[in-house]
Number of protein chains: 2
Amino acid sequence: MNKPIQKRAIATREKLLSTARALIDQEGFEALRVEDLVRTAGVAKGTFFAHFKDKDALMEQIIGARLAEISAEADQAPAPQNVAEMVATLNPLIAFMTSERYVFDVILRYSGAAAISEIGPIAEQFTVQGELFARWVAQGPFRKDIPADLAGDGIGAFLIQSIALTFCALHCSSAIEPRLATYLDAWLLPSGA
Amino acid sequence: MNKPIQKRAIATREKLLSTARALIDQEGFEALRVEDLVRTAGVAKGTFFAHFKDKDALMEQIIGARLAEISAEADQAPAPQNVAEMVATLNPLIAFMTSERYVFDVILRYSGAAAISEIGPIAEQFTVQGELFARWVAQGPFRKDIPADLAGDGIGAFLIQSIALTFCALHCSSAIEPRLATYLDAWLLPSGA
DNA sequence: TTCAAAAAGTGACCATGGTCAATTATAAAT
DNA sequence: ATTTATAATTGACCATGGTCACTTTTTGAA
């Protein structure tokens, strides 16, 4: 009935997370190998999988936490008052999501989340971002003919679209930020209003 | 200097593709195992990887071809004259992209394509779709304050967004088509024009 | 303090995608 | 027909994520 979690287990989990972060800082997300991680952390492979469903689940924790930091930072700043400011405020988020193709892939995979029952940190961050974007729209001189949360969804959609195109051979000609600005102009200020 | 491709190789490649399609028809994309494929096709494993860079490259061919069929079909139909018709016309595309989570993942991964040098079938289909969507906007009673290809990009972005949310635990409450319709209304007919 | 049940941890083992040196089939030149 | 370069194929082998029956540690009750 009861299922008390032992201190030992919490310590092990922390050890795995901190070791993973250290390895990722050195070599990047893509290069992380579970075997390296468990050897460095000094635990058995099975222990890792007792703590994380799979390798992606670990990545989700770490990437989700990073996203949360970035969102929190953006949440501090005043709401942008035009598209250029908005793109500038999004810059740290863009920088992280484009830092590695692998990171973007994990984010996409988990944004359309795992099981219904458990919403992971990345899916949760999408909700948080949605609220942030909605607030921006509400507090800035942007279109008011649609609900703010709908407008926020659109910002998210165009952010993803811009990043995806950045990774795409066909479109790498133009840089990501001007492209996003073009989209957001059309989305948030239709008819050049 | 010359590198003539032998008939034998073409036959082997076709055999691999047709066998793969047959197996996928039976069990779905996700369940395909390279070992099953080569055994059924009667070739060695190495042969498979001589023809396709990796498993994903095979999937890209098959999924890309399917996308091309669907686009071609949609291209036949007259341009939709309102958002409801547009969503209806998009239905086969939505159905395929949501048929398996794995399919959507592959499409996302390859839409932001592989190497700069070679554009794969999926990335190519995104271009084709972009052109189709632009034509729709141009030929229908939709906003004309932005270039048609920009408006087309937005349709693509909201299509992806809607599908991603479908796979997402947080939002499965509402069905995909009404959600897409809401997005497209706001995108294509701002200010309720 | 002792003991049983449950939690945590272990590592040999498996599944599957992918590699590559060696072999065989093909086609062009003689 | 023979030779020769190279395209095509092979399958043993590797890399890496993931499993599970078993062992060790912890905890709480007697």
Side-chain angles (χ1 to χ4, degrees), chain A residues 1-20 23-24 27-63 100-103 105-106 109-110 114-115 120, chain B residues 1-20 23-24 27-63 100-103 105-106 109-110 114-115 120:
Chain A
M1 197 65 69
N2 59 339
K3 40 175 184 177
I5 297 169
Q6 300 175 7
K7 278 175 295 186
R8 171 173 66 144
I10 294 174
T12 302
R13 187 190 166 89
E14 273 321 304
K15 179 91 188 184
L16 283 168
L17 279 168
S18 63
T19 305
L23 290 175
I24 288 167
E27 304 283 345
F29 285 89
E30 171 119 55
L32 186 72
R33 294 288 163 268
V34 174
E35 303 232 19
D36 291 347
L37 171 56
V38 295
R39 183 162 25 75
T40 309
V43 302
K45 205 179 208 181
T47 302
F48 173 84
F49 289 100
H51 282 273
F52 301 95
K53 179 182 172 298
D54 51 28
K55 187 181 159 182
D56 267 10
L58 170 76
M59 292 302 194
E60 208 205 345
Q61 295 299 320
I62 294 176
I63 292 175
E100 277 183 61
R101 174 75 218 216
Y102 178 79
V103 169
D105 281 348
V106 172
R109 206 170 322 133
Y110 274 88
Chain B
M1 196 65 71
N2 60 336
K3 41 174 181 174
I5 297 169
Q6 300 176 6
K7 278 174 297 184
R8 174 172 62 142
I10 295 174
T12 302
R13 188 190 165 89
E14 274 319 305
K15 180 89 188 184
L16 283 169
L17 280 169
S18 62
T19 305
L23 290 176
I24 289 166
E27 304 284 345
F29 286 89
E30 171 118 55
L32 186 72
R33 295 286 165 270
V34 174
E35 303 232 19
D36 291 348
L37 171 56
V38 295
R39 182 161 26 75
T40 310
V43 302
K45 205 179 206 179
T47 302
F48 174 85
F49 289 100
H51 284 273
F52 301 94
K53 179 182 171 298
D54 51 27
K55 187 180 159 183
D56 267 10
L58 169 76
M59 291 303 194
E60 207 204 347
Q61 295 299 319
I62 293 176
I63 291 174
E100 277 183 60
R101 174 77 218 218
Y102 178 80
V103 169
D105 281 347
V106 172
R109 207 170 321 132
Y110 274 89

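Since this is a predicted model, take the numbers as computed values, not measurements. Within every chain, numbering begins at 1; the chains are lettered A, B, ... in the order of the sequence lines, protein sequences first and strands thereafter.
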Decide yes or no on side-chain contact (heavy atoms from CB on, under 4.5 Å) for B:E60 and B:K53, but give the supporting numbers first.
CA-CA 11 Å; B:E60 207 204 347; B:K53 179 182 171 298; over 6 Å; no
Sugar-phosphate, base or nothing in reach of B:L32, heavy atoms under 4.0 Å
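Sugar-phosphate only.
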Can you say whether a donor on the side chain of B:K55 sits under 3.5 Å from an acceptor on the base of C:dG18, or the other way round?
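When only heavy-atom distances are counted, B:K55 does not reach the base of C:dG18 through any donor-acceptor pair under 3.5 Å.
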Expected output is a numbered-order residue list: members of residues 7-14 of chain B with a heavy atom under 4.0 Å from any atom of DNA chain D. What is it?
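Heavy-atom contacts with DNA chain D come from B:R8, B:A9, B:T12.
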Identify, between A:V34 and B:F48, the residue whose nearest nucleotide on DNA chain D lies closer to the 5' end.
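With A:V34 and B:F48 compared, the 5'-side residue is B:F48.
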Strictly below 4.0 Å: does [X] bring a side-chain N or O up to OP1 or OP2 of [N]?
X	N	result
B:R33	C:dG17	yes
B:H51	D:dT9	yes
A:T47	C:dA8	no

Euclidean distance, atom CG of residue A:L58 to atom P of D:dG17 [Å, nearest integer]
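It works out to 11 Å between those atoms.
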Rounded off to whole Å, could you give me the CG-to-P distance for the B:D54 and D:dA15 pair?
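Atom CG in B:D54 sits about 18 Å away from atom P in D:dA15.
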When you look at B:V38 and B:T47, which way does the side-chain contact (heavy atoms from CB on, under 4.5 Å) test go after all the steps?
CA-CA 8 Å; B:V38 295; B:T47 302; over 6 Å; no
Picking from C:dG17, C:dT26, D:dT9, which would you name as closest to the side chain of B:F49?
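For the B:F49 side chain, the nearest candidate turns out to be C:dG17.
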B:Q6, nearest nucleotide to its side chain (from D:dA8, C:dT16, D:dT10):
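Shortest atom-to-atom distance from the side chain points to D:dA8.
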Please answer whether the main-chain N or O of [Y] pairs with a side-chain N or O of [X] as donor and acceptor at a distance below 3.5 Å.
X	Y	result
A:K55	A:L32	yes
B:E100	B:E30	yes
A:S18	A:K15	yes

Hey, is B:D105 close enough to B:R109 for a salt bridge, meaning N to O under 4.0 Å?
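No, B:D105 and B:R109 are not salt-bridged.
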